[in-house]
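Okay, so here's the structure we're looking at.
Naming: A, B, ... by sequence-line order, numbering from 1 per chain. Note: hydrogens, waters and symmetry copies are ignored here, and every other heavy atom, side chains too, is used.
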Amino acid sequence: MARVVVGLSGGVDSSLAAALLLEQGHEVIGLFMRNWNDASVTLEAECPWIEDSNDALLVAEHLGIPFQVMDLSGPYKERIVDTMFAEYQAGRTPNPDVLCNREIKFDLFLEAALQLGADYVATGHYARRRDLPNGEIALLAGRDPNKDQSYFLCQLNQAQLSKALFPIGELLKPEVRQEAAARGIPTAAKKDSQGLCFIGKVRLPDFLQQQLSVKPGSIVEVPASWEGWKNPEFGAPWPLHAAAGKAVGQHQGAHFFTVGQRKGLLVGGKAEPLFVVATDTRENIVYVGQGEQHPGLYRPFVHVAAKDVHWVVPSRALKVGESAPLQVRIRYRQPLQEAVLTALPDHSLRIDFAVPQKAVAPGQFAVWYDGEALLGSGAMAH
RNA sequence: UGCCCCAUCGUCUAAUUGGCAGGACAGCGGUUUUUGGUACCGUAUGUCUAGGUUCGAGUCCUAGUGGGGCAA
(Lines give C-alpha, C1' and ligand atoms only; values in the text may rest on other atoms or scores of the structure.)
Protein backbone atom coordinates (compact mmCIF):
# COMPACT_ATOMS: atom_id res chain seq x y z
CA MET A 1 0.00 0.00 0.00
CA ALA A 2 1.58 3.18 -1.21
CA ARG A 3 0.52 6.53 -2.52
CA VAL A 4 1.08 6.59 -6.27
CA VAL A 5 0.67 9.44 -8.69
CA VAL A 6 -0.15 8.21 -12.17
CA GLY A 7 0.62 10.30 -15.19
CA LEU A 8 -2.66 9.98 -17.02
CA SER A 9 -2.11 10.86 -20.65
CA GLY A 10 -5.63 10.22 -21.82
CA GLY A 11 -4.63 6.99 -23.52
CA VAL A 12 -5.42 3.35 -22.69
CA ASP A 13 -2.03 2.45 -21.32
CA SER A 14 -1.90 4.93 -18.47
CA SER A 15 -5.60 4.39 -17.82
CA LEU A 16 -5.11 0.70 -17.19
CA ALA A 17 -1.96 1.42 -15.21
CA ALA A 18 -4.04 3.47 -12.80
CA ALA A 19 -6.71 0.80 -12.58
CA LEU A 20 -4.19 -1.93 -11.84
CA LEU A 21 -2.51 0.10 -9.10
CA LEU A 22 -5.89 0.70 -7.53
CA GLU A 23 -6.63 -3.00 -7.56
CA GLN A 24 -3.26 -3.69 -5.97
CA GLY A 25 -4.48 -1.66 -3.03
CA HIS A 26 -2.58 1.55 -3.62
CA GLU A 27 -3.86 5.04 -3.11
CA VAL A 28 -3.91 6.46 -6.61
CA ILE A 29 -3.94 10.05 -7.80
CA GLY A 30 -4.34 10.95 -11.48
CA LEU A 31 -2.28 13.80 -12.85
CA PHE A 32 -2.46 15.05 -16.41
CA MET A 33 0.57 16.83 -17.76
CA ARG A 34 -0.04 19.64 -20.12
CA ASN A 35 3.15 20.16 -22.05
CA TRP A 36 2.14 22.18 -25.02
CA ASN A 37 -0.42 24.82 -25.79
CA ASP A 38 0.40 26.05 -29.24
CA ALA A 39 -2.14 24.49 -31.56
CA SER A 40 -0.69 26.23 -34.60
CA VAL A 41 1.93 23.58 -35.19
CA THR A 42 -0.13 20.45 -34.67
CA LEU A 43 -1.87 18.59 -37.43
CA GLU A 44 -5.23 18.04 -35.79
CA ALA A 45 -7.69 20.83 -36.27
CA GLU A 46 -8.73 21.12 -32.65
CA CYS A 47 -6.45 21.35 -29.65
CA PRO A 48 -5.46 17.73 -29.01
CA TRP A 49 -4.48 18.17 -25.38
CA ILE A 50 -7.96 19.29 -24.38
CA GLU A 51 -9.45 16.07 -25.66
CA ASP A 52 -6.75 14.02 -23.98
CA SER A 53 -7.22 15.93 -20.77
CA ASN A 54 -10.93 15.26 -20.89
CA ASP A 55 -10.34 11.59 -21.48
CA ALA A 56 -7.96 11.49 -18.53
CA LEU A 57 -10.63 13.15 -16.41
CA LEU A 58 -13.24 10.62 -17.53
CA VAL A 59 -10.92 7.79 -16.62
CA ALA A 60 -10.24 9.28 -13.21
CA GLU A 61 -13.94 9.67 -12.59
CA HIS A 62 -14.56 6.13 -13.74
CA LEU A 63 -11.95 4.85 -11.32
CA GLY A 64 -13.01 7.20 -8.58
CA ILE A 65 -9.59 8.74 -8.04
CA PRO A 66 -8.60 12.37 -7.52
CA PHE A 67 -7.54 14.17 -10.65
CA GLN A 68 -5.53 17.26 -11.46
CA VAL A 69 -4.13 18.95 -14.51
CA MET A 70 -0.60 20.20 -14.24
CA ASP A 71 0.72 22.80 -16.65
CA LEU A 72 4.34 22.07 -17.50
CA SER A 73 4.32 23.78 -20.86
CA GLY A 74 6.77 26.45 -19.70
CA PRO A 75 9.48 24.05 -18.56
CA TYR A 76 8.72 21.77 -21.49
CA LYS A 77 9.47 24.58 -23.88
CA GLU A 78 12.66 25.52 -22.06
CA ARG A 79 14.04 22.07 -21.52
CA ILE A 80 12.76 20.15 -24.53
CA VAL A 81 11.67 22.38 -27.37
CA ASP A 82 14.48 24.90 -27.09
CA THR A 83 17.01 22.09 -26.85
CA MET A 84 15.47 20.58 -29.94
CA PHE A 85 15.96 23.76 -31.90
CA ALA A 86 19.52 24.13 -30.66
CA GLU A 87 20.35 20.57 -31.63
CA TYR A 88 18.94 20.86 -35.12
CA GLN A 89 20.73 24.18 -35.49
CA ALA A 90 23.97 22.40 -34.65
CA GLY A 91 23.29 19.75 -37.27
CA ARG A 92 22.24 16.98 -34.92
CA THR A 93 18.99 15.04 -34.63
CA PRO A 94 17.61 15.16 -31.09
CA ASN A 95 15.17 12.79 -29.44
CA PRO A 96 12.72 14.99 -27.56
CA ASP A 97 10.78 12.08 -26.06
CA VAL A 98 13.85 10.66 -24.36
CA LEU A 99 14.55 14.10 -22.93
CA CYS A 100 10.93 14.50 -21.93
CA ASN A 101 11.16 11.44 -19.71
CA ARG A 102 14.44 12.53 -18.18
CA GLU A 103 13.61 16.21 -17.76
CA ILE A 104 9.87 16.36 -17.31
CA LYS A 105 8.04 13.16 -16.43
CA PHE A 106 10.70 11.78 -14.13
CA ASP A 107 11.98 15.12 -12.93
CA LEU A 108 9.55 18.01 -12.56
CA PHE A 109 6.49 15.80 -12.63
CA LEU A 110 8.07 13.36 -10.21
CA GLU A 111 8.99 16.23 -7.94
CA ALA A 112 5.42 17.51 -8.00
CA ALA A 113 4.15 14.04 -7.16
CA LEU A 114 6.49 13.80 -4.21
CA GLN A 115 5.14 17.18 -3.07
CA LEU A 116 1.73 15.56 -3.03
CA GLY A 117 3.12 13.00 -0.66
CA ALA A 118 3.48 10.27 -3.27
CA ASP A 119 5.81 7.33 -2.78
CA TYR A 120 5.93 6.57 -6.49
CA VAL A 121 5.15 7.91 -9.91
CA ALA A 122 3.61 5.51 -12.39
CA THR A 123 3.31 5.77 -16.16
CA GLY A 124 1.83 3.70 -18.94
CA HIS A 125 5.22 2.79 -20.41
CA TYR A 126 5.80 -0.70 -21.71
CA ALA A 127 8.84 -1.33 -19.52
CA ARG A 128 9.64 -3.14 -16.29
CA ARG A 129 11.82 -2.49 -13.29
CA ARG A 130 13.41 -5.13 -11.14
CA ASP A 131 15.21 -4.82 -7.83
CA LEU A 132 18.66 -6.33 -8.02
CA PRO A 133 20.37 -8.20 -5.15
CA ASN A 134 22.95 -5.43 -4.79
CA GLY A 135 20.26 -2.83 -4.17
CA GLU A 136 20.29 -1.39 -7.64
CA ILE A 137 17.27 -1.25 -9.89
CA ALA A 138 17.28 -2.76 -13.34
CA LEU A 139 15.25 -1.33 -16.17
CA LEU A 140 13.88 -4.13 -18.31
CA ALA A 141 12.26 -4.13 -21.69
CA GLY A 142 8.49 -4.37 -21.69
CA ARG A 143 7.15 -7.90 -22.04
CA ASP A 144 5.50 -7.02 -25.35
CA PRO A 145 8.38 -7.10 -27.85
CA ASN A 146 6.29 -5.08 -30.24
CA LYS A 147 5.61 -2.22 -27.86
CA ASP A 148 8.71 -2.19 -25.66
CA GLN A 149 9.31 1.45 -24.73
CA SER A 150 12.39 1.07 -22.59
CA TYR A 151 14.28 2.93 -25.30
CA PHE A 152 12.54 6.15 -24.30
CA LEU A 153 13.52 5.64 -20.66
CA CYS A 154 17.19 5.13 -21.46
CA GLN A 155 18.34 8.33 -19.79
CA LEU A 156 16.81 7.66 -16.37
CA ASN A 157 19.06 7.23 -13.35
CA GLN A 158 18.75 5.08 -10.24
CA ALA A 159 17.12 7.83 -8.19
CA GLN A 160 14.44 8.28 -10.82
CA LEU A 161 13.91 4.56 -11.27
CA SER A 162 13.55 4.05 -7.54
CA LYS A 163 10.43 6.21 -7.67
CA ALA A 164 9.04 4.79 -10.89
CA LEU A 165 6.40 2.15 -11.45
CA PHE A 166 5.39 0.66 -14.81
CA PRO A 167 2.22 -1.29 -14.05
CA ILE A 168 1.57 -2.52 -17.59
CA GLY A 169 5.12 -3.62 -18.35
CA GLU A 170 4.22 -7.27 -18.04
CA LEU A 171 1.32 -7.03 -20.47
CA LEU A 172 0.99 -7.20 -24.21
CA LYS A 173 -0.80 -4.38 -25.97
CA PRO A 174 -3.84 -6.50 -26.89
CA GLU A 175 -4.07 -7.58 -23.26
CA VAL A 176 -4.01 -3.98 -22.15
CA ARG A 177 -6.95 -3.15 -24.39
CA GLN A 178 -8.78 -6.27 -23.30
CA GLU A 179 -8.25 -5.60 -19.61
CA ALA A 180 -9.24 -1.98 -20.06
CA ALA A 181 -12.40 -2.97 -21.89
CA ALA A 182 -13.22 -5.56 -19.22
CA ARG A 183 -13.11 -2.79 -16.63
CA GLY A 184 -15.25 -0.46 -18.68
CA ILE A 185 -12.47 2.10 -18.95
CA PRO A 186 -13.59 4.81 -21.38
CA THR A 187 -10.31 4.91 -23.29
CA ALA A 188 -10.18 1.16 -23.91
CA ALA A 189 -10.62 1.50 -27.66
CA LYS A 190 -8.89 4.82 -28.14
CA LYS A 191 -6.36 4.95 -30.93
CA ASP A 192 -2.71 4.88 -29.89
CA SER A 193 -1.03 8.24 -29.75
CA GLN A 194 1.75 9.09 -32.13
CA GLY A 195 4.28 11.77 -32.63
CA LEU A 196 5.92 13.88 -29.99
CA CYS A 197 4.76 12.87 -26.55
CA PHE A 198 1.99 15.11 -25.31
CA ILE A 199 2.29 17.43 -28.25
CA GLY A 200 0.87 15.11 -30.84
CA LYS A 201 1.61 14.85 -34.45
CA VAL A 202 3.44 17.86 -35.83
CA ARG A 203 4.90 18.62 -39.18
CA LEU A 204 8.47 18.81 -38.10
CA PRO A 205 9.76 20.89 -41.00
CA ASP A 206 7.07 23.51 -40.33
CA PHE A 207 7.77 23.32 -36.63
CA LEU A 208 11.49 23.84 -37.11
CA GLN A 209 10.99 26.73 -39.47
CA GLN A 210 9.35 28.67 -36.68
CA GLN A 211 12.74 29.10 -35.11
CA LEU A 212 15.40 28.09 -37.58
CA SER A 213 16.16 30.37 -40.46
CA VAL A 214 15.84 29.46 -44.09
CA LYS A 215 19.25 29.33 -45.70
CA PRO A 216 19.48 28.04 -49.26
CA GLY A 217 22.40 25.78 -50.07
CA SER A 218 23.28 22.99 -52.40
CA ILE A 219 22.52 19.30 -52.37
CA VAL A 220 25.58 17.34 -53.43
CA GLU A 221 25.27 13.77 -54.67
CA VAL A 222 28.34 11.73 -53.92
CA PRO A 223 28.76 8.51 -55.91
CA ALA A 224 29.26 5.13 -54.28
CA SER A 225 32.63 5.01 -55.99
CA TRP A 226 34.03 7.92 -53.96
CA GLU A 227 37.25 6.87 -52.22
CA GLY A 228 36.26 8.44 -48.92
CA TRP A 229 33.73 5.72 -48.14
CA LYS A 230 36.38 3.05 -48.03
CA ASN A 231 37.86 3.51 -44.58
CA PRO A 232 35.55 5.31 -42.19
CA GLU A 233 37.41 7.02 -39.37
CA PHE A 234 36.18 6.20 -35.89
CA GLY A 235 34.60 9.15 -34.13
CA ALA A 236 34.71 11.41 -37.16
CA PRO A 237 32.19 12.27 -39.84
CA TRP A 238 32.84 11.29 -43.44
CA PRO A 239 35.62 13.53 -44.85
CA LEU A 240 33.22 14.99 -47.37
CA HIS A 241 33.72 18.11 -49.42
CA ALA A 242 31.75 19.69 -52.24
CA ALA A 243 34.16 18.38 -54.88
CA ALA A 244 33.50 14.77 -53.86
CA GLY A 245 30.31 14.84 -55.88
CA LYS A 246 28.18 17.10 -57.97
CA ALA A 247 25.37 19.48 -57.11
CA VAL A 248 21.95 18.03 -57.94
CA GLY A 249 19.68 20.53 -56.27
CA GLN A 250 19.00 23.18 -53.67
CA HIS A 251 17.85 22.89 -50.07
CA GLN A 252 16.50 25.47 -47.63
CA GLY A 253 18.96 24.82 -44.84
CA ALA A 254 21.19 21.84 -44.02
CA HIS A 255 19.96 21.93 -40.41
CA PHE A 256 16.49 20.81 -41.53
CA PHE A 257 17.80 17.44 -42.69
CA THR A 258 18.79 14.29 -40.89
CA VAL A 259 20.98 11.39 -41.96
CA GLY A 260 19.01 8.63 -43.65
CA GLN A 261 16.24 10.97 -44.75
CA ARG A 262 14.73 10.35 -48.17
CA LYS A 263 11.72 12.63 -48.44
CA GLY A 264 11.86 16.37 -48.81
CA LEU A 265 14.95 16.69 -50.98
CA LEU A 266 12.82 17.59 -53.99
CA VAL A 267 15.32 16.07 -56.37
CA GLY A 268 13.82 13.69 -58.91
CA GLY A 269 14.83 11.99 -62.10
CA LYS A 270 17.06 9.43 -60.43
CA ALA A 271 16.93 5.70 -61.04
CA GLU A 272 16.95 5.06 -57.29
CA PRO A 273 15.90 7.27 -54.39
CA LEU A 274 18.34 9.72 -52.85
CA PHE A 275 19.13 9.47 -49.15
CA VAL A 276 20.83 12.03 -46.96
CA VAL A 277 24.24 10.63 -46.13
CA ALA A 278 25.57 13.59 -44.16
CA THR A 279 24.85 17.22 -43.47
CA ASP A 280 27.39 19.98 -43.06
CA THR A 281 25.76 22.90 -41.29
CA ARG A 282 29.00 24.89 -41.44
CA GLU A 283 29.22 24.85 -45.22
CA ASN A 284 25.45 24.42 -45.43
CA ILE A 285 25.70 21.40 -47.71
CA VAL A 286 23.45 18.36 -47.72
CA TYR A 287 25.26 15.29 -49.03
CA VAL A 288 23.16 12.55 -50.61
CA GLY A 289 23.76 9.11 -52.04
CA GLN A 290 21.69 7.09 -54.45
CA GLY A 291 20.04 3.84 -53.42
CA GLU A 292 19.61 2.24 -50.03
CA GLN A 293 22.81 0.25 -50.47
CA HIS A 294 24.93 3.37 -50.78
CA PRO A 295 28.11 2.98 -48.71
CA GLY A 296 27.73 6.39 -47.11
CA LEU A 297 24.57 5.16 -45.41
CA TYR A 298 26.35 2.55 -43.30
CA ARG A 299 28.67 2.84 -40.31
CA PRO A 300 30.46 -0.05 -38.59
CA PHE A 301 30.88 1.82 -35.31
CA VAL A 302 29.71 4.85 -33.39
CA HIS A 303 31.25 7.04 -30.74
CA VAL A 304 29.61 8.32 -27.56
CA ALA A 305 31.47 11.26 -26.00
CA ALA A 306 32.49 10.91 -22.36
CA LYS A 307 29.97 13.51 -21.20
CA ASP A 308 27.17 11.67 -22.98
CA VAL A 309 27.84 8.19 -21.60
CA HIS A 310 25.06 7.30 -19.19
CA TRP A 311 24.86 4.07 -17.24
CA VAL A 312 21.41 3.27 -15.95
CA VAL A 313 22.92 0.47 -13.90
CA PRO A 314 26.14 1.99 -12.52
CA SER A 315 27.59 -1.29 -11.32
CA ARG A 316 27.65 -2.47 -14.92
CA ALA A 317 29.62 0.54 -16.15
CA LEU A 318 32.71 -0.38 -18.12
CA LYS A 319 36.00 0.79 -16.68
CA VAL A 320 38.57 2.38 -18.95
CA GLY A 321 40.06 -0.27 -21.15
CA GLU A 322 37.26 -2.78 -20.63
CA SER A 323 35.17 -4.22 -23.40
CA ALA A 324 31.91 -6.12 -23.35
CA PRO A 325 29.78 -7.84 -25.95
CA LEU A 326 26.27 -6.42 -25.60
CA GLN A 327 23.21 -5.64 -27.69
CA VAL A 328 22.50 -2.15 -28.97
CA ARG A 329 19.72 -0.33 -30.72
CA ILE A 330 20.08 3.12 -32.24
CA ARG A 331 16.40 3.85 -32.77
CA TYR A 332 13.07 2.98 -31.20
CA ARG A 333 11.76 -0.46 -32.18
CA GLN A 334 14.95 -1.50 -33.90
CA PRO A 335 15.78 -5.16 -33.26
CA LEU A 336 18.76 -5.37 -30.90
CA GLN A 337 22.09 -5.47 -32.70
CA GLU A 338 25.13 -7.42 -31.55
CA ALA A 339 27.97 -5.09 -30.70
CA VAL A 340 31.13 -4.76 -28.62
CA LEU A 341 31.35 -1.78 -26.29
CA THR A 342 34.72 -0.44 -25.24
CA ALA A 343 35.49 2.25 -22.68
CA LEU A 344 38.25 4.39 -24.14
CA PRO A 345 41.01 6.13 -22.15
CA ASP A 346 39.17 9.46 -22.26
CA HIS A 347 36.08 7.75 -20.78
CA SER A 348 34.22 7.97 -24.04
CA LEU A 349 32.62 4.86 -25.46
CA ARG A 350 33.24 2.98 -28.67
CA ILE A 351 30.54 0.74 -30.07
CA ASP A 352 31.56 -1.72 -32.77
CA PHE A 353 28.61 -3.37 -34.48
CA ALA A 354 28.70 -6.90 -35.84
CA VAL A 355 26.81 -5.55 -38.85
CA PRO A 356 27.24 -1.96 -40.09
CA GLN A 357 24.31 0.22 -39.10
CA LYS A 358 22.19 2.16 -41.54
CA ALA A 359 21.43 5.84 -41.16
CA VAL A 360 23.27 6.64 -37.96
CA ALA A 361 22.11 10.14 -37.10
CA PRO A 362 24.34 12.10 -34.71
CA GLY A 363 22.32 13.21 -31.71
CA GLN A 364 20.19 10.09 -31.64
CA PHE A 365 20.61 7.75 -28.70
CA ALA A 366 22.45 4.48 -28.83
CA VAL A 367 21.01 2.28 -26.09
CA TRP A 368 22.80 -0.82 -24.89
CA TYR A 369 21.22 -3.87 -23.33
CA ASP A 370 22.30 -7.12 -21.77
CA GLY A 371 19.41 -9.23 -22.93
CA GLU A 372 16.26 -7.61 -21.63
CA ALA A 373 18.08 -5.34 -19.20
CA LEU A 374 18.78 -1.81 -20.37
CA LEU A 375 22.25 -0.99 -19.08
CA GLY A 376 22.94 2.45 -20.47
CA SER A 377 22.72 4.92 -23.29
CA GLY A 378 24.27 7.94 -24.91
CA ALA A 379 23.82 10.36 -27.75
CA MET A 380 25.96 9.36 -30.69
CA ALA A 381 28.65 11.63 -32.07
CA HIS A 382 29.50 9.85 -35.31
C1' U B 1 19.75 32.75 -91.16
C1' G B 2 24.12 26.90 -95.24
C1' C B 3 23.99 21.43 -93.57
C1' C B 4 22.88 17.51 -89.79
C1' C B 5 20.71 15.76 -85.19
C1' C B 6 17.23 16.13 -80.95
C1' A B 7 12.30 17.62 -78.60
C1' U B 8 7.23 12.61 -74.23
C1' C B 9 4.50 13.83 -66.79
C1' G B 10 8.05 18.38 -62.19
C1' U B 11 12.82 15.32 -63.55
C1' C B 12 15.24 11.03 -66.12
C1' U B 13 13.25 7.97 -69.60
C1' A B 14 9.96 3.67 -72.46
C1' A B 15 6.35 2.88 -76.43
C1' U B 16 6.58 -3.52 -82.26
C1' U B 17 5.84 -2.56 -89.23
C1' G B 18 1.43 4.11 -87.46
C1' G B 19 -3.06 0.91 -83.14
C1' C B 20 -5.54 2.44 -75.37
C1' A B 21 1.30 6.91 -73.96
C1' G B 22 4.30 2.86 -69.49
C1' G B 23 8.16 3.08 -65.63
C1' A B 24 11.52 5.25 -62.15
C1' C B 25 12.60 9.34 -59.12
C1' A B 26 10.23 13.75 -57.01
C1' G B 27 5.19 15.42 -55.29
C1' C B 28 0.55 14.50 -52.89
C1' G B 29 -2.67 11.20 -49.72
C1' G B 30 -2.79 7.20 -46.31
C1' U B 31 -0.86 2.90 -43.07
C1' U B 32 2.97 1.48 -39.50
C1' U B 33 5.67 4.15 -35.38
C1' U B 34 4.91 7.90 -28.23
C1' U B 35 11.75 11.06 -31.39
C1' G B 36 14.05 12.17 -36.18
C1' G B 37 14.10 8.99 -40.02
C1' U B 38 12.86 4.51 -42.49
C1' A B 39 9.37 1.05 -44.62
C1' C B 40 4.58 -0.17 -46.85
C1' C B 41 0.02 1.07 -49.69
C1' G B 42 -2.56 4.39 -52.91
C1' U B 43 -2.78 8.50 -56.34
C1' A B 44 -2.67 13.40 -59.90
C1' U B 45 0.16 15.24 -63.89
C1' G B 46 2.98 14.56 -70.24
C1' U B 47 3.69 13.70 -76.49
C1' C B 48 7.12 21.91 -78.08
C1' U B 49 3.78 25.02 -81.72
C1' A B 50 0.93 25.34 -86.45
C1' G B 51 -0.60 22.77 -90.58
C1' G B 52 -0.84 18.08 -93.58
C1' U B 53 -1.22 12.48 -94.84
C1' U B 54 -4.25 8.49 -92.50
C1' C B 55 -10.03 4.93 -90.25
C1' G B 56 -6.14 6.04 -86.70
C1' A B 57 0.08 10.08 -85.60
C1' G B 58 4.50 10.38 -79.85
C1' U B 59 5.80 7.70 -84.38
C1' C B 60 5.20 9.80 -91.40
C1' C B 61 5.46 14.97 -94.28
C1' U B 62 6.03 20.66 -94.18
C1' A B 63 6.98 25.10 -91.60
C1' G B 64 8.07 27.44 -87.01
C1' U B 65 10.30 27.55 -82.00
C1' G B 66 14.01 25.81 -78.56
C1' G B 67 18.59 22.96 -77.63
C1' G B 68 23.05 20.46 -79.55
C1' G B 69 26.68 19.46 -83.54
C1' C B 70 29.22 20.42 -88.37
C1' A B 71 30.56 24.28 -91.49
C1' A B 72 33.91 29.27 -90.08
A:Leu204 has a side chain; which of B:A39, B:U35, B:G36 sits nearest to it? B:G36
If pairing requires Watson-Crick or G-U wobble contacts with both distances under 3.5 Å, which nucleotide is the partner of B:C70? B:G2
Between B:G58 and B:G19 - P atom distance, rounded Å: 10 Å
Polar contact flag, side-chain donor to acceptor under 3.5 angstrom, A:Ser348-A:His303: yes
Take the protein atom CZ of A:Arg331 and the nucleotide atom P of B:U33, then report the distance between them rounded to whole Å. 17 Å
In this structure, how many angstroms lie between the C1' atom of B:U35 and the CD atom of A:Gln334, rounded? 14 Å
Assess whether atom CD of A:Gln334 is packed by more than 12 heavy atoms of other residues, nucleotides or ligands within 6.0 Å. yes
Ring centroid separation A:Phe301 to A:Phe353 under 6.0 Å: no
Which is true for A:Tyr88 with a 4.0 Å heavy-atom rule: it touches a base, it touches only sugar-phosphate, or it touches nothing? sugar-phosphate
Using OP1 and OP2 only, check whether a side-chain N or O of A:Lys191 sits under 4.0 Å from B:U32. yes
Provide, to the nearest angstrom, the distance between the CZ atom belonging to A:Arg329 and the C1' atom belonging to B:G37. 16 Å
Separation of the P atoms in B:G46 and B:A21, to the nearest angstrom: 12 Å
Residue whose closest nucleotide on RNA chain B lies nearer the 5' end, A:Phe275 versus A:Lys147: A:Lys147
To the nearest angstrom, how far is A:Met33 atom CE from B:U34 atom C1'? 12 Å
By the Watson-Crick or G-U definition, both distances under 3.5 Å, B:A26 is matched with none
Whole angstroms only, please: what is the CE-C1' distance between A:Met84 and B:G37? 13 Å
Taking a pair to mean Watson-Crick or G-U wobble geometry with both distances below 3.5 Å, B:U38 pairs with none
Ring centre gap for A:Trp238 and A:Trp226 strictly below 6.0 Å: no
Measuring only the P atom in each nucleotide, how far is B:U62 from B:A24? A whole number of Å is fine. 37 Å
Tell me if the centroids of the rings in A:Phe152 and A:Phe365 come within less than 6.0 Å of each other. no
A:Lys358 side chain N/O closer than 4.0 Å to the phosphate oxygens (OP1, OP2) of B:G37? no
With heavy-atom distances below 4.5 Å as the criterion, would you say the side chains of A:His382 and A:Arg299 are in contact? yes
Just the rounded figure in Å: distance from P of B:U32 to OH of A:Tyr332. 13 Å
Rounded to the nearest angstrom, tell me the gap between atom CZ in A:Arg92 and atom C1' in B:G37. 17 Å
Describe the nucleic acid contact of A:Gln261 in one word from base, sugar-phosphate, nothing, applying a heavy-atom distance below 4.0 Å. sugar-phosphate
Does B:G18 have a Watson-Crick or wobble partner in any strand here, with both distances under 3.5 angstrom, and which is it? none
More than 12 foreign heavy atoms under 6.0 Å from CG of A:Asp346: is that the case here? yes
Considering every strand shown, what is the Watson-Crick or G-U wobble mate of B:U47 when both distances are under 3.5 Å? none
Nearest-Å distance once atom P is located in both B:U49 and B:U43: 28 Å
Which whole number of Å gives the distance between the C1' atom of B:U54 and that of B:C60? 10 Å
Taking the six-membered ring for Trp, are A:His125 and A:Phe106 parallel (under 30°), tilted (30 to 60°) or perpendicular (over 60°)? tilted
Tell me yes or no: between the side chains of A:Gln158 and A:Glu136, is some donor less than 3.5 Å from an acceptor? no
Using the P atom in both, what is the distance from B:U35 to B:C20, to the nearest Å? 48 Å
If we take the P atom in both B:U47 and B:U59, what is their distance in whole Å? 12 Å
Given B:U35, is OP1 or OP2 found less than 4.0 Å from the side-chain N or O atoms of A:Tyr151? no
In whole Å, what separates the C1' atom of B:C48 from that of B:A7? 7 Å
A:Tyr76 OH to B:U35 C1': how many Å, rounded? 9 Å
One character per nucleotide, please: for nucleotides 21-27 of chain B, 5' to 3', B when the base has a protein heavy atom closer than 4.0 Å, S when only the sugar-phosphate does, - otherwise. ---SBSS
